[in-house]
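Right, one structure below, let's go through it.
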2 protein chains.
Amino acid sequence: MNISEAAAESGVPAKTIRYYEDIGLVRPPRLANGYRVFGAAELAALAFIGRARSLGFSVEDCRTLLALEQGGTSHDVKVIAEEHLTRIAAKIAELEAMRGTLKALVSRCRGDDGADCPIMDDLRRPAHATHAA
Amino acid sequence: MNISEAAAESGVPAKTIRYYEDIGLVRPPRLANGYRVFGAAELAALAFIGRARSLGFSVEDCRTLLALEQGGTSHDVKVIAEEHLTRIAAKIAELEAMRGTLKALVSRCRGDDGADCPIMDDLRRPAHATHAA
DNA sequence: CCTTGACCTTCCAGTGGCTGGAAGCCCCAT
DNA sequence: ATGGGGCTTCCAGCCACTGGAAGGTCAAGG
């Protein structure tokens with residue numbers, strides 16, 4: 001199986017597969033002409049990475065998880081997942097804070113052709129005085 | 001006022017201020033010796049950018065918003081803010097989907113020294129079969 | 001006057017995770 | 001033989017910084 005087939009099967013773009021090889025995540029063997037060859041093992045690794053990435057794991061996490069595939073414990077995996085979960089929760093909290101502030105500002109903004117704008121007023125505020133008096 | 005004072009006052013790191021000048025967001029004048037000088041206007045711009053960035057606006061959005069400071073309408077600003085709000089909401093939704101899946105997997109993972117792990121099982125799944133049968 | 005040390009300057013490189021594009025093989029079908 | 005679609009490599013760029021090296025400048029102290 002060549003790279004474009006592997007891309008179609010795994011859902012990982014060919015360009016990205018080459019990148020993953022570059023950073024040592026996958027190591028597909030080569031034919032005499034230099035073409036990469038993807039077998040069941042390589043395909044499984046690519047799908048695994050693809051799935052992990054779609055859950056937001058970093059490429060380094062993927063590397064670790066792939067290593068844990070060959071003899072890691074459920075505990076090892078859980079630790080990685082929990083740390084990732086914490087990062088996700090923190091990111092969500094950060095975004096929700098932004099959304100809250102922005103929503104309030106947008107709702108107070110008339111959005112007409114005047115220059116008066118609560119959003120701009122907020123941005124012009126000295127520091128982080130969100131919407132207090 | 002020199003760059004480190006401006007950094008302290010605005011909350012934007014000196015390195016970042018230089019970067020902002022590099023990309024043309026701010027244009028502080030220079031002394032004969034080459035040192036940047038920050039007056040009230042520059043300081044206000046830096047604080048404005050800092051605040052906008054903290055609300056998640058992109059640097060390009062900041063550029064636009066700064067331009068709107070000199071004669072833009074409330075409507076112009078609101079459009080930018082609403083688009084940004086949409087992007088934030090999308091990102092939150094994406095992260096919450098991840099969190100939901102991961103939470104479920106983590107809760108089902110014993111986290112002991114065995115190799116059996118629902119998280120790994122999920123990652124090994126062919127495509128995007130989250131937690132269905 | 002000279003040194004010290006804290007500023008300031010510029011420029012280069014790296015972060016993460018790709019992605020686009022150019023230049024150049026390779027292979028098969030016509 | 002030629003055309004077109006693969007494949008290969010490598011370089012550059014995205015976003016928004018950030019670290020660090022090399023070197024200029026300035027005020028204070030000895």
Side-chain angles (χ1 to χ4, degrees), chain A residues 1-38 42 45-46 48-66 80 83-84 87-88 90-91 94-95 98, chain B residues 1-39 42 45-46 48-66 83-84 87-88 90-91 94-95 98:
Chain A
M1 186 182 287
N2 62 21
I3 198 168
S4 63
E5 263 183 291
E9 289 288 316
S10 67
V12 178
K15 259 303 202 195
T16 305
I17 296 176
R18 290 194 193 98
Y19 168 71
Y20 286 162
E21 187 188 18
D22 227 44
I23 62 172
L25 264 195
V26 287
R27 307 181 190 280
R30 305 288 187 122
L31 292 178
N33 62 13
Y35 285 24
R36 291 168 184 85
V37 190
F38 297 83
E42 285 78 24
L46 285 176
F48 182 96
I49 297 165
R51 175 72 179 137
R53 293 288 300 128
S54 83
L55 287 178
F57 284 104
S58 72
V59 164
E60 280 318 298
D61 280 344
C62 290
R63 195 189 299 279
T64 307
L65 290 169
L66 277 173
I80 309 268
E83 283 171 2
H84 180 42
R87 284 193 298 268
I88 288 177
K91 191 73 191 166
E94 187 190 342
L95 289 171
M98 288 177 186
Chain B
M1 186 183 289
N2 62 21
I3 198 168
S4 62
E5 262 184 293
E9 288 289 315
S10 68
V12 178
K15 264 286 199 203
T16 304
I17 296 176
R18 290 195 193 98
Y19 168 70
Y20 287 161
E21 186 188 21
D22 226 45
I23 62 172
L25 264 195
V26 286
R27 308 182 189 279
R30 306 287 187 122
L31 292 178
N33 62 12
Y35 287 22
R36 291 167 184 84
V37 191
F38 297 83
E42 285 77 23
L46 285 174
F48 183 96
I49 297 166
R51 174 75 180 136
R53 294 286 301 128
S54 83
L55 287 178
F57 284 104
S58 71
V59 164
E60 280 319 298
D61 279 344
C62 290
R63 194 190 300 279
T64 308
L65 290 170
L66 276 173
E83 284 171 3
H84 180 41
R87 285 193 298 269
I88 288 177
K91 191 71 191 168
E94 186 191 341
L95 289 171
M98 289 177 186

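Convention: sequence-line order gives letters A, B, ...; per-chain numbering from 1.
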Worksheet entry | Phosphate OP1/OP2 of D:dC26: any B:Asn33 side-chain N/O under 4.0 Å | yes
Fill in: Salt bridge present between B:Arg18 and B:Glu21 (N-O < 4.0 angstrom)
no
Worksheet entry | Touch class at under 4.0 angstrom, heavy-atom based, for B:Ile23 against every strand present | nothing
Worksheet entry | Length of the CG-C1' vector between A:Asp22 and D:dT9, whole Å | 10 Å
Worksheet item: Atom CG of B:Leu31 and atom P of C:dC7: how far apart are they, to the nearest Å?
Response: 17 Å
Fill in: Position toward the 5' end of DNA chain D (nearest nucleotide), A:Lys15 or B:Arg53
A:Lys15
Practice prompt. Hey, could you give me the CG/OG1 distance between A:Asp22 and A:Thr16, rounded to the nearest 0.5 Å?
Written response: 12.0 Å
Discussion item. What's A:Arg18 touching, base or sugar-phosphate or nothing? Going by heavy atoms closer than 4.0 Å.
Written reply: base
Worksheet item: Atom OH of B:Tyr35 and atom C1' of C:dT10: how far apart are they, to the nearest Å?
Response: 13 Å
Worksheet item: Under 4.0 Å between a side-chain N or O of A:Thr16 and OP1 or OP2 of C:dT19?
Response: yes
Worksheet item: Choosing from D:dG6, D:dA16, D:dT8, which nucleotide comes nearest the side chain of A:Ser4?
Response: D:dG6
Worksheet item: Is any side-chain nitrogen or oxygen of B:Arg36 closer than 4.0 Å to OP1 or OP2 of C:dT9?
Response: yes
Worksheet item: Hey, is the side chain of B:Asn2 poking within less than 4.0 Å of OP1 or OP2 on C:dC8, counting only N and O atoms?
Response: yes
Fill in: N/O (side chain, A:Arg63) to phosphate O (OP1/OP2, C:dG16) under 4.0 Å
no
Practice prompt. Could you tell me whether the phosphate oxygens of C:dG17, OP1 or OP2, come under 4.0 Å of any side-chain nitrogen or oxygen in A:Tyr20?
Written response: no
